Amino acid sequence: MPELPEVETTRRGIEPHVQGQTVRDVIVRQPQLRWPVPKALARKLVAQKIDAVERRGKYLLMRTQAGTAILHLGMSGSLRIVDARVPPETHDHLDIVFTNGQALRLRDPRRFGAALWTETDPLAHKLLEPLGPEPLSDAFDTDYLYAKSRGRKGSIKEFIMNSHVVVGVGNIYASESLFRAGINPKRAAGRVSRARYEALVKAIKDVLVEAIKQGGTTLRDFVREDGQPGYFRIRLKVYDRAGEPCPVCGTPIKQLVQGQRSTYYCPVCQR
DNA sequence: AGTGCGGCCTGTCCGC
DNA sequence: TGCGGACAGGCCGCAC
């Protein structure tokens, strides 16, 4: 489910319930996630106070004095704040229980997510170290993306979805931002002009900011009775709209597969 | 270093 | 109603 806006919405949603809390217990019901959940996560996190809840790309970082828990939601993961006494449901793989009786509960049906533990600088962790810049930071600009793209033969769509190029652009927002920038997703990254990279950088920032704003409007409902984070997708112009008219020119939206992922685009507006 | 895949999982939907 | 296959908002790890 989550792309960067969902992960950031999740971070903002859990932060007030988690920051400053002390861990009473860690319950691992299913240790087989993307990687095995390390024993040290449960062992070392207990009795620690959560100093901060941060995000790097789509990874969530819960910092303590003893080390940092690294969480990733994969394709189908979600986090919610529950009363620790509420019985877990299927796919509720992990609880971090706090001394106030609440728990941070990870649910992830497909188990592509992760829960890791590191006692050194989490940004130097082997999964985080090679990540590209945050898309909403000043480091992500036309100069950077244009230079990075030179000589690349792969498609522009796969290029911007590569987390080592820029983090946080998932399958939905890749299609949406290429539509906004008027770039054909099949075009080789190395053959896109500087001017078009300028439009693309702006499109990526705009679409992500809008999506985060949407999540933000419902943040106070984050912990609802049904536990679902109150996140609504922004109005998507091309994603999942194969055959529907392009909102700009009316041409039917096309769908194709790139790197085993569906891409949606307007064959007229995007060249 | 860049590129191209396979693979990890479950749930849902669609056509037969 | 059952069944097989495709597909789903991610991304690592490997071979070349």
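As the structure is a computational prediction, the values presented were derived from the model and not from experiment. Residue numbers begin at 1 in each chain, while the letters A, B, ... track the order of the sequences.
Close to B:dG2, at under 4.0 Å from its OP1 or OP2, lies no side-chain N or O of A:Lys153. One finds no side-chain N or O of A:Tyr173 lying less than 4.0 angstrom from the OP1 or OP2 phosphate oxygen of C:dG10. Between A:Trp35 and C:dG10, a side-chain N or O to OP1/OP2 separation shorter than 4.0 Å is absent. The shortest distance between the side-chain N/O atoms of A:Ser262 and the OP1/OP2 oxygens of C:dA8 is below 4.0 Å.
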Task: Verdict with supporting geometry, A:Gln255 and A:Tyr265, side-chain contact (heavy atoms from CB on, under 4.5 Å) - done: CA-CA 7 Å; A:Gln255 176 177 13; A:Tyr265 72 107; over 6 Å; no
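Atom-to-atom, CG of A:Leu73 to C1' of C:dC12 comes out at 17 Å; the value is rounded to the nearest Å. Counting to the nearest Å, the P atom of C:dC12 and the NZ atom of A:Lys58 are 10 Å from each other. In this structure, A:Leu128 places its CG atom 10 Å from P of C:dC12, rounding to the nearest Å.
Look at C:dG4: its Watson-Crick or wobble partner, with both distances under 3.5 angstrom, is B:dC14. The partner of B:dC5 is C:dG13, by the rule that a Watson-Crick or G-U pair needs both atom distances under 3.5 Å.
Out of C:dC11, B:dT3, C:dA8, the shortest distance to the side chain of A:His72 is found at C:dC11.
The residue A:Arg152 sits close only to the backbone: its heavy atoms come under 4.0 Å of sugar-phosphate atoms, none of a base. Across all strands shown, A:Lys126 has heavy atoms under 4.0 Å from sugar-phosphate atoms exclusively, and none from any base.
A:Arg105 has a carboxylate O that lies under 4.0 Å from a charged side-chain N of A:Asp95, or vice versa, which qualifies the two as a salt bridge.
Here the NZ-CD distance, from A:Lys205 to A:Glu134, works out to 10.5 Å after rounding to the nearest 0.5 Å. Interatomic distance, CD1 of A:Ile160 versus CG of A:Leu145, reported as 8.0 Å (0.5 Å rounding). Rounding to the nearest 0.5 Å gives a distance of 10.0 Å between SG of A:Cys246 and NZ of A:Lys237.
Between A:Leu131 and A:Val257, it is A:Val257 whose nearest contact on DNA chain C lies nearer the 5' terminus.
Hydrophobic clustering, defined by side-chain heavy atoms of Ile, Leu, Val, Met, Phe, Trp and Tyr closer than 4.5 Å, groups A:Leu123 together with A:Trp35, A:Tyr59, A:Leu61, A:Ile70, A:Leu116, A:Leu127, A:Leu128, A:Leu131, A:Val167.
Side-chain atoms of A:Asp83 and A:Gln102 include no donor-acceptor pair closer than 3.5 Å.
Using a 4.0 Å cutoff on non-hydrogen atoms, the parts of residues 159-169 of chain A near DNA chain C are A:His164, ordered by number.
Taking atom P in both B:dC5 and C:dC7, the straight-line distance is 16 Å, to the nearest Å.
The two residues A:Thr68 and A:Pro122 come nearest to each other via the heavy atoms OG1-CG, 3.8 Å. Scanning all heavy atoms of the two residues, the minimum distance from A:Gln270 to A:Ile183 falls at NE2-O, 2.8 Å.
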Open item on the list: For nucleotides 5-11 of chain B, give me one character per nucleotide, 5' to 3': B if any protein heavy atom sits under 4.0 Å from the base, S if the only such contacts are to the sugar-phosphate, - if neither.
Closed with: -BBBBBS
